[in-house]
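Contents: one structure, followed by commentary.
Owing to the predicted nature of the structure, the values given are computational and were not obtained by experimental measurement.
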Amino acid sequence: MSKAFASQADLDVKRVTFTKLSDNAYAYTAEGDPNTGVIIGDDAVMVIDTQATPVMAQDVIRRIREVTDKPIKYVVLSHYHAVRVLGASGYQPQHIIASRDTYDLIVERGEQDKASEIGRFPRLFQAVESVPPGLTWPTITFEGRMSIWLGQLEVQLIQLGRGHTKGDTVAWLPEQKILFSGDLVEFDATPYAGDAYFKDWPQTLDNIAALKPAALVPGRGAALTTPEQVAQGLAGTRAFISDVYDSVRTGVAAGQDLNAVYKATYAKLKPKYGHWVIFDHCMPFDVTRCYDEATQYADPRIWTAERDIEMWKTLEG
């Protein structure tokens, strides 16, 4: 491969921030690296997205222990991607919760996705040897929505539609209007859309907006602590997804192949979004998936380590 994955050269250590959103809600963020949400109830703690390895999870646990000694009973998986779930064992939770759609994706493509993600972005898998063999399996699944009660505190887990994946789940504190979006929303960070549904994603963002969150923890980027910042995060994510989709559809309608569509879309979006975290990393995957959706594949194809390299050579080699 004449050009390595953009992410393989990304070696800078990120500064972690642990932001208090309410007496019950915290955001663990790291300058555009994957975020983790923390909800502290009356009798237990819930973690939303785990970090990529059990060793990396220990830093989240350390922050939690600075504010509470309550047991970490629940881990929620917003979706199936390895960088979000492989740290789960570090929390030793009583239950791991995911949508049934996410469970089905783990069955279908979990092994391939794990190998693919670790190969693409090694810095995000610190101490990868600490990940137990096999996959991270939910112990509870749901369809549509469910409530978990942490004492008197209700946490609603809701599927608001397909976007980043078909299994996306948000965690919602209805009394406090705080939302943990997973990778459905990013802030100053490029959405990864290699397993996305471009046609559905904007409507799913509208469904998030309809809840009128006062604060929102995105999948990447700083916690959004005001309604104005929430609106900004939703608008930025929506604009990126729409701009990719519009550019790719234009190229497909003109009969262009994937390589030509990629080059044109990259050139169009670079001035507007090129400063966002992981732009160069995400664009080949995003355009490839969008091209698939605009041509012949309604559902995302499975990424394997081999397919990653073949795609990267085709578009960036």
Side-chain angles (χ1 to χ4, degrees), residues 5-7 10 29-37 48-49 52 78-84 102 105 113 116-117 120-121 124 160-170 179-209 213 216-224 229-249 261-262 265-266 268-294 300 303 308 311 315:
F5 289 117
S7 48
D10 182 348
T29 66
E31 299 184 304
D33 274 1
N35 294 339
T36 292
I48 300 114
D49 292 331
S78 70
H79 60 286
Y80 76 97
H81 286 151
V83 75
R84 299 291 179 182
T102 290
L105 286 167
D113 187 83
S116 164
E117 288 193 54
R120 285 183 210 168
F121 215 147
L124 289 184
L160 290 170
R162 302 187 300 188
H164 179 66
T165 72
K166 78 170 184 178
D168 294 324
T169 296
V170 304
L179 187 115
F180 299 81
S181 71
D183 282 327
L184 281 169
V185 182
E186 313 287 25
F187 185 66
D188 284 347
T190 309
Y192 171 77
D195 301 294
Y197 290 84
F198 279 84
K199 293 176 187 173
D200 294 9
W201 201 332
Q203 179 60 54
T204 302
L205 294 171
D206 290 347
N207 296 342
I208 290 175
L216 185 149
V217 180
R220 291 175 180 267
L224 308 174
Q229 287 181 353
V230 172
Q232 191 180 348
L234 290 168
T237 304
R238 184 186 290 106
F240 177 85
I241 294 303
S242 298
D243 287 351
V244 172
Y245 189 51
D246 290 346
S247 177
V248 170
R249 277 199 306 179
V261 169
Y262 173 68
T265 302
Y266 184 96
K268 282 180 191 172
L269 270 66
K270 177 75 171 176
K272 187 173 178 182
Y273 305 106
H275 64 289
W276 280 5
V277 172
I278 63 172
F279 178 81
D280 285 339
H281 171 72
C282 289
M283 282 298 288
F285 296 96
D286 292 3
V287 174
T288 298
R289 167 57 195 148
C290 194
Y291 188 90
D292 274 3
E293 187 173 341
W303 290 103
D308 287 357
M311 177 276 296
L315 299 186

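Nearest approach of Pro300 to Gly194, heavy atoms of both residues: CB-O, 4.2 Å. Contact detail for Asp286 and Ala193: the closest heavy-atom pair is OD1-N, 2.6 Å. Counting all heavy atoms, side chain and backbone alike, Pro213 lies closest to Ala209 at CD-O, 4.1 Å. When all heavy atoms are compared, the tightest approach of Ser116 to Asp308 is OG-OD2, 2.5 Å. The minimum heavy-atom distance linking Glu293 with Ala196 is given by the pair OE1-O, 3.7 Å. Annotation for Val277 and Gly32: closest pair CG1-O, 4.0 Å, computed over non-hydrogen atoms.
Between Val170 and Phe180 there is no side-chain heavy-atom pair separated by less than 4.5 Å. Side chains of Phe240 and Glu186 form no contact here, defined as non-hydrogen atoms less than 4.5 Å apart. Counting only heavy atoms from C-beta outward, the side chains of Leu205 and Ile241 never approach each other to under 4.5 Å. Tyr262 is not listed as a side-chain neighbour of Thr288, based on a closest heavy-atom distance of 4.5 Å or more. For the pair Gln232 and Phe187, the minimum side-chain heavy-atom distance is below 4.5 Å. Between Thr265 and Met283 the shortest side-chain heavy-atom distance falls below 4.5 Å. In this structure, the side chains of Thr204 and Tyr197 stay at 4.5 Å or more apart for every pair of heavy atoms.
A salt bridge links Asp206 to Arg238: one of the charged nitrogens lies within less than 4.0 Å of a carboxylate oxygen.
Atom CZ of Arg220 is separated from atom CD of Glu31 by 13.0 Å, given to the nearest 0.5 angstrom. Between Tyr192 atom OH and Glu117 atom CD the span is 7.0 Å, to the nearest 0.5 Å. Annotation: the span from Tyr80 atom OH to Thr102 atom OG1 amounts to 9.0 Å, rounded to 0.5 Å.
Paired with Asp195 under the rule side-chain hydrogen bond (donor to acceptor under 3.5 Å, both in side chains), one option of His81, His164, Lys166 passes, and it is His81.
Judged by a 6.0 Å distance limit and a 45° cone about the ring axis, Arg249 is not positioned over the six-membered ring of Phe198.
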What's the verdict on side-chain contact (heavy atoms from CB on, under 4.5 Å) for Asn35 and Asp49, showing C-alpha distance, side-chain angles and the deciding distance?
CA-CA 7 Å; Asn35 294 339; Asp49 292 331; over 6 Å; no
Step by step, would you call Leu184 with Trp201 a side-chain contact (heavy atoms from CB on, under 4.5 Å)?
CA-CA 8 Å; Leu184 281 169; Trp201 201 332; 3.9 Å; yes
Could you walk me through whether Asp168 and Thr165 satisfy the side chain to side chain donor-acceptor pair (under 3.5 Å) test, starting with their C-alpha distance in whole Å, then the side-chain angles of each, then the deciding distance to 0.1 Å, before giving a yes or no?
CA-CA 6 Å; Asp168 294 324; Thr165 72; 3.0 Å; yes
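Aromatic ring orientation, Tyr266 versus Phe279: tilted (interplanar angle from 30° to 60°).
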